[in-house]
Protein chains: 2
Amino acid sequence: MSSAPAVKHSFKEQMLQAREDAIVQAALRLLAHKGFETMTVDEVAADVGIAKASLYKHFPSKEELAAAAMLRLLRQAQAFLQGQPADHGPLDKLQAAVRWAMALQLAGDMPALPSRNSSLRAALMAHPACLEALAQIGELLGGWIAAAQQQGRLNPRLSATAVLCILCARACDPALEFLQAGGQLSDADTIELVLGACFEGLSARQP
Amino acid sequence: MSSAPAVKHSFKEQMLQAREDAIVQAALRLLAHKGFETMTVDEVAADVGIAKASLYKHFPSKEELAAAAMLRLLRQAQAFLQGQPADHGPLDKLQAAVRWAMALQLAGDMPALPSRNSSLRAALMAHPACLEALAQIGELLGGWIAAAQQQGRLNPRLSATAVLCILCARACDPALEFLQAGGQLSDADTIELVLGACFEGLSARQP
DNA sequence: GTCTATAGCCAGATAGAC
DNA sequence: GTCTATCTGGCTATAGAC
């Protein structure tokens with residue numbers, strides 16, 4: 001992180017960093033496909049092409065490894081959100097965010113939410129970096145929600161917190177998987193359908 | 001199942017049936033609280049107060065046990081749905097069904113959906129009774145959805161299948177847990193909030 | 001059918017050479 | 001830091017007495 005000398009990182013350090021990146025990436029992939037409990041450290045190591053013991057030189061435990069993977073995902077989400085054009089409306093940016101997450105899930109690259117008793121959740125909550133990333137994402141989305149409500153585009157009877165919770169839940173909406181299993185729709189159509197139902201509701205409008 | 005003699009079931013058989021019920025109930029509880037992978041057969045046995053080997057006399061494997069527990073839940077859902085008053089409107093019955101499932105989840109008694117690669121899902125799909133119960137629930141709800149659409153109460157642009165998928169997903173909506181963790185609302189208020197957002201949408205009505 | 005005891009296996013984590 | 005080989009513990013499932 002300190003950058004006083006012009007070239008601080010040697011080749012070796014770069015290689016190490018790259019390897020660590022590969023490990024985290026593989027862990028994220030497996031986490032999304034199999035879940036924390038089912039995923040094994042052996043699989044992650046095999047996916048990267050190194051021995052399990054080498055992996056344990058980088059991460060002290062399976063939980064820490066998974067937490068690093070989740071942090072990577074949070075950072076990707078942050079990057080996507082911050083990359084939203086400033087001239088877009090807040091509602092458009094919110095919908096773009098949900099679309100991004102839904103596409104991830106349909107591709108099978110979105111890990112399931114860690115359940116209440118999962119050791120993964122404890123590891124996440126113990127990681128300051130994860131908590132900070134979560135908080136920053138929450139603040140960013142919260143600002144857009146408030147702005148959209150002020151524009152009269154979102155239901156004003158819902159608190160910003162409630163909208164935030166619901167949007168986060170929709171990002172992992174299992175309805176996507178159900179519809180995809182039916183096989184009638186393209187992925188893009190599936191996303192638009194579920195997104196539309198989320199914002200417009202299931203009931204008929206103008207009663 | 002055959003009932004030719006007046007009293008076919010002896011006391012012993014009744015006791016066995018009761019014990020098996022207790023096992024399934026305990027399994028369902030633990031399945032909801034901990035998930036299939038984290039739950040151990042020892043815990044189920046301890047919860048019932050019997051030895052693990054005795055449990056294996058009733059169920060040949062952990063998967064079969066969990067499948068029996070899920071079947072119990074499906075039957076409870078079926079009973080609730082069939083108990084809906086016939087003079088209620090289809091939309092009211094649909095909302096009542098979602099409310100029932102949401103209350104279950106807030107109480108911590110709703111198991112998470114088995115993920116794609118879970119051995120539990122395979123066990124469920126291999127159980128004719130589970131598939132049949134699922135199909136019957138789907139048909140019942142599907143009928144109500146079609147009726148509600150004919151009444152103009154549900155968005156006609158959504159296919160009945162899509163509505164069904166979305167309602168099933170809402171029955172396990174993680175937004176409930178997020179809002180409950182915030183601790184601002186009572187359980188009943190949380191349910192009405194999420195239910196309202198599901199049917200009315202997040203966007204402001206009458207733009 | 002219920003128990004105690006144990007087999008068999010698998011996955012997380014470590015030792016120690018290089 | 002990377003490897004091979006191993007330890008350790010816990011979990012599913014079973015054997016065998018009663």
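Each chain gets a letter, A, B and so on, in the order its sequence line appears, and its residues count up from 1. Model, not experiment: these values are computed from the prediction.
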Engineer: Report the nucleotide, chosen from dT4(C), dT12(D), dG1(D), that has the shortest atom-to-atom distance to any side-chain atom of A51(B).
Structural biologist: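 Nearest listed nucleotide: dT4(C).
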
Engineer: Closest-nucleotide mapping onto DNA chain C: is M39(A) or A53(A) further toward the 5' terminus? I mean the 5' end.
Structural biologist: M39(A)

Engineer: K62(A) has an atom NZ; how far is it from atom C1' of dC10(C), in whole Å?
Structural biologist: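 Between C1' of dC10(C) and NZ of K62(A): 12 Å.
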
Engineer: Could you go through the side chain to side chain donor-acceptor pair (under 3.5 Å) check for H127(A) and E132(A) one step at a time?
Structural biologist: CA-CA 9 Å; H127(A) 258 265; E132(A) 191 187 4; over 6 Å; no

Engineer: Using atom CZ of R19(A) as one end and atom P of dG1(D) as the other, report the distance to the nearest whole Å.
Structural biologist: 11 Å

Engineer: Quick check: does any side chain N or O of T190(A) sit under 3.5 Å from a backbone N or O of S186(A), one acting as donor and the other as acceptor?
Structural biologist: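 Looks like yes, one N/O pair under 3.5 Å.
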
Engineer: Atom CD1 of I50(B) to atom C1' of dT4(C): distance rounded to whole Å?
Structural biologist: 14 Å

Engineer: Given atom CZ of F36(B) and atom P of dT12(D), what is their separation to the nearest angstrom?
Structural biologist: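 Taking CZ of F36(B) and P of dT12(D), I get 8 Å after rounding.
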
Engineer: Whether E177(B) and R121(A) form a salt bridge (side-chain N of Lys/Arg under 4.0 Å from carboxylate O of Asp/Glu) is what I want to check.
Structural biologist: yes

Engineer: Report the nucleotide, chosen from dT12(D), dG12(C), dT2(C), that has the shortest atom-to-atom distance to any side-chain atom of Y56(B).
Structural biologist: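 Taking heavy atoms from C-beta onward, the closest nucleotide is dT12(D).
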
Engineer: Need one value for M15(B): base, sugar-phosphate or nothing, where a base atom within 4.0 Å counts as base even if backbone is also close, heavy atoms only.
Structural biologist: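 Result for M15(B) = nothing.
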
Engineer: Grab the CD-P distance between E37(A) and dA11(C) for me, whole Å please.
Structural biologist: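 Nearest whole value for this atom pair: 14 Å.
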
Engineer: Taking 4.0 Å as the cut-off, does a side-chain nitrogen or oxygen of K57(B) come that near to OP1 or OP2 on dG1(C)?
Structural biologist: no

Engineer: Closer than 4.0 Å, any side-chain N/O of S54(B) to the OP1 or OP2 of dC3(C)?
Structural biologist: yes

Engineer: Starting from P on dG12(C), measure out to CZ on F59(A) and report it in whole angstrom.
Structural biologist: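 Result: 15 Å.
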
Engineer: Check whether NZ of the Lys or CZ of the Arg K62(B) lies under 6.0 Å from the centre of the six-membered ring of Y56(B) and within 45 degrees of that ring's axis.
Structural biologist: no

Engineer: In whole angstroms, how far is the P atom of dT12(D) from the CD atom of E43(B)?
Structural biologist: 9 Å

Engineer: Among K34(A), H33(A), R29(A), which residue meets the side-chain hydrogen bond (donor to acceptor under 3.5 Å, both in side chains) test with E43(A)?
Structural biologist: K34(A)

Engineer: Find the distance L55(A):CG to dT14(C):C1' and express it as a whole number of Å.
Structural biologist: 14 Å

Engineer: Under 4.0 Å from OP1 or OP2 of dA11(C): is there any side-chain N or O of T40(A) that close?
Structural biologist: no

